[in-house]
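Input: a single structure, listed below in structure tokens.
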Number of protein chains: 2
Amino acid sequence: MSGTSPDFASLLRGAGLRPTRQRVALARVLFGSGHRHVTAESLHAEVKATRIPVALATVYNALNQFRDAGLLREVVVAPGRSYFDTNTSHHHHFFIETDGELHDFPSDKVTIAGLPAPPKGTRLSRVDVVVRVRR
Amino acid sequence: MSGTSPDFASLLRGAGLRPTRQRVALARVLFGSGHRHVTAESLHAEVKATRIPVALATVYNALNQFRDAGLLREVVVAPGRSYFDTNTSHHHHFFIETDGELHDFPSDKVTIAGLPAPPKGTRLSRVDVVVRVRR
DNA sequence: TTCACTTTTAGAATTATTCTAAATTACTTG
DNA sequence: CAAGTAATTTAGAATAATTCTAAAAGTGAA
Ligand SMILES: [Mn+2]
Ligand SMILES: [Mn+2]
Ligand SMILES: [Zn+2]
Ligand SMILES: [Zn+2]
């Protein structure tokens with residue numbers, strides 16, 4: 001039978017990370033369903049609800065490692081908190097300022113024309129578009 | 001004779017803020033020359049160098065007040081620190097990730113087409129474009 | 001001048017995040 | 001499988017940015 005449940009251990013190994021109990025639990029929550037935007041705190045709460053013990057420091061460690069491995073990207077839209085995004089493909093965001101929610105929107109319909117060239121001695125890293133809205 | 005030095009007291013009064021010694025000193029540094037992107041720490045250092053005593057808490061207070069009054073806008077591009085921008089007109093930013101520098105670029109040459117409509121029940125607040133580059 | 005507010009300030013508090021050093025766990029090898 | 005070693009987790013301390021508190025100082029109206 002073909003695998004219906006994704007293999008998080010392999011995902012982690014492929015990223016050069018040992019598939020420990022807590023990394024697998026975190027990966028399951030992060031990558032088990034559709035794309036997610038989480039904070040360290042929110043992810044910590046979700047995984048604890050899963051009855052697997054994880055320290056908040058481990059969540060921070062894992063998020064940083066997952067990001068460094070390219071499994072996540074970090075999005076900074078509000079002062080004082082980082083969001084981690086399971087959607088690593090090219091896309092942009094709505095940020096609902098009134099309640100701190102982030103929503104994706106695809107970049108393929110969006111055209112940005114007329115961007116100036118990067119300053120001398122620099123290479124383009126990424127173009128972020130954040131559409132801020134309020135209720 | 002026509003005033004060659006801008007009148008920061010009036011600027012502050014016009015914003016509904018008393019022109020105290022420290023607010024005037026802060027305004028002078030912020031608005032006395034071309035557009036600036038400062039952090040609370042960097043502004044604090046600059047004003048202290050001017051021999052006017054200011055507490056860091058006062059700098060935070062003033063930056064928040066100036067922003068609320070529309071004299072500044074706040075820009076969040078990196079986790080854990082806020083930049084305050086004296087350019088309140090519509091424009092976008094280069095962010096040099098390797099050294100934390102922010103540079104303006106005018107929005108009038110930039111065209112963003114195909115943005116989806118704001119989610120139901122929300123109003124557009126602002127569209128931020130950040131071009132991230134590294135050395 | 002006086003007086004009622006505002007503002008400033010030092011230092012404590014808060015929040016998000018990272019660090020430390022010790023305990024535990026994962027993988028390798030025998 | 002049993003060790004051994006290196007990687008990981010963890011509780012709690014430490015840091016960094018920012019806000020709060022309550023008391024002292026300053027501002028401007030009268
Ligand atoms: Mn980080
Ligand atoms: Mn703020
Ligand atoms: Zn996203
Ligand atoms: Zn700017």
Side-chain angles (χ1 to χ4, degrees), chain A residues 7-29 37-48 50-69 71-72 74-84 100 102, chain B residues 7-29 37-48 50-69 71-72 74-84 100 102:
Chain A
D7 178 2
F8 298 109
S10 310
L11 176 77
L12 292 168
R13 279 208 196 80
L17 297 168
R18 286 190 179 177
T20 63
R21 184 179 316 293
Q22 14 299 292
R23 291 209 276 228
V24 170
L26 291 163
R28 194 186 313 281
V29 168
H37 299 98
V38 304
T39 63
E41 284 287 355
S42 76
L43 179 60
H44 184 225
E46 272 193 81
V47 172
K48 274 195 312 189
T50 240
R51 316 257 92 232
I52 288 161
V54 206
L56 181 57
T58 301
V59 175
Y60 276 103
N61 288 341
L63 285 172
N64 288 330
Q65 293 156 167
F66 291 6
R67 180 205 48 221
D68 292 347
L71 299 176
L72 293 176
E74 189 170 1
V75 183
V76 183
V77 285
R81 77 158 15 122
S82 268
Y83 291 81
F84 288 86
L102 259 192
Chain B
D7 178 1
F8 298 108
S10 311
L11 175 77
L12 292 169
R13 279 207 198 80
L17 297 168
R18 286 192 179 175
T20 64
R21 185 180 314 294
Q22 17 298 293
R23 292 210 275 227
V24 170
L26 290 163
R28 195 187 312 281
V29 168
H37 300 96
V38 305
T39 63
E41 284 287 356
S42 75
L43 179 60
H44 185 224
E46 272 193 81
V47 172
K48 275 194 314 189
T50 239
R51 316 258 88 232
I52 287 162
V54 206
L56 181 56
T58 302
V59 175
Y60 276 103
N61 288 342
L63 286 172
N64 288 330
Q65 293 156 167
F66 291 6
R67 173 203 358 87
D68 293 346
L71 299 176
L72 293 176
E74 190 170 2
V75 183
V76 183
V77 285
R81 77 158 14 120
S82 268
Y83 290 81
F84 288 86
L102 258 192

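FYI, side chains are in, hydrogens and waters are out, and symmetry mates aren't considered; it's all heavy atoms of this structure. Chain letters run A, B, ... following the sequence lines, proteins first and then strands; every chain starts at 1.
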Under-4.0 Å side-chain N/O to phosphate OP1/OP2 contact, A:R23 with D:dT8: yes

Interatomic distance, A:F84 CZ vs C:dA16 C1' [rounded to whole Å]: 11 Å

Intermediate values then yes/no, side chain to side chain contact (heavy atoms under 4.5 Å, CB included), B:L56 and B:E41: CA-CA 7 Å; B:L56 181 56; B:E41 284 287 356; 3.7 Å; yes

Residue that, paired with A:F84, satisfies side chain to side chain contact (heavy atoms under 4.5 Å, CB included) out of A:V59, A:N64, A:T39: A:N64

Atom-to-atom span, CG of B:L56 to P of C:dA13 - whole angstrom: 18 Å

Side chain of B:N64 - closest among C:dT9, C:dT17, D:dT19: D:dT19

Side chain to side chain, A:Q65 and A:R23, heavy atoms closer than 4.5 Å: yes

Atom-to-atom span, CG of A:L12 to P of C:dC27 - whole angstrom: 10 Å

side-chain N/O A:Y60 vs C:dT17 OP1/OP2, d < 4.0 Å: yes

Nucleotides 20-30 of chain D: protein proximity per nucleotide (B base, S sugar-phosphate only, - neither; heavy atom, under 4.0 Å): B-----BBS--

Closest to side chain of A:S82, choosing from D:dT9, C:dT17, D:dT19: C:dT17

Spacing between B:E74 atom CD and D:dT18 atom P, to the nearest angstrom: 8 Å

Distance, rounded to the nearest Å, where B:L63 contributes CG and C:dT8 contributes P: 12 Å

Protein-nucleotide distance (B:R67, atom CZ; D:dT18, atom C1'), rounded to Å: 12 Å

Rounded distance (Å) that lies between atom C1' of D:dA17 and atom OH of B:Y83: 13 Å

Interatomic distance, A:L26 CG vs D:dT8 C1' [rounded to whole Å]: 13 Å

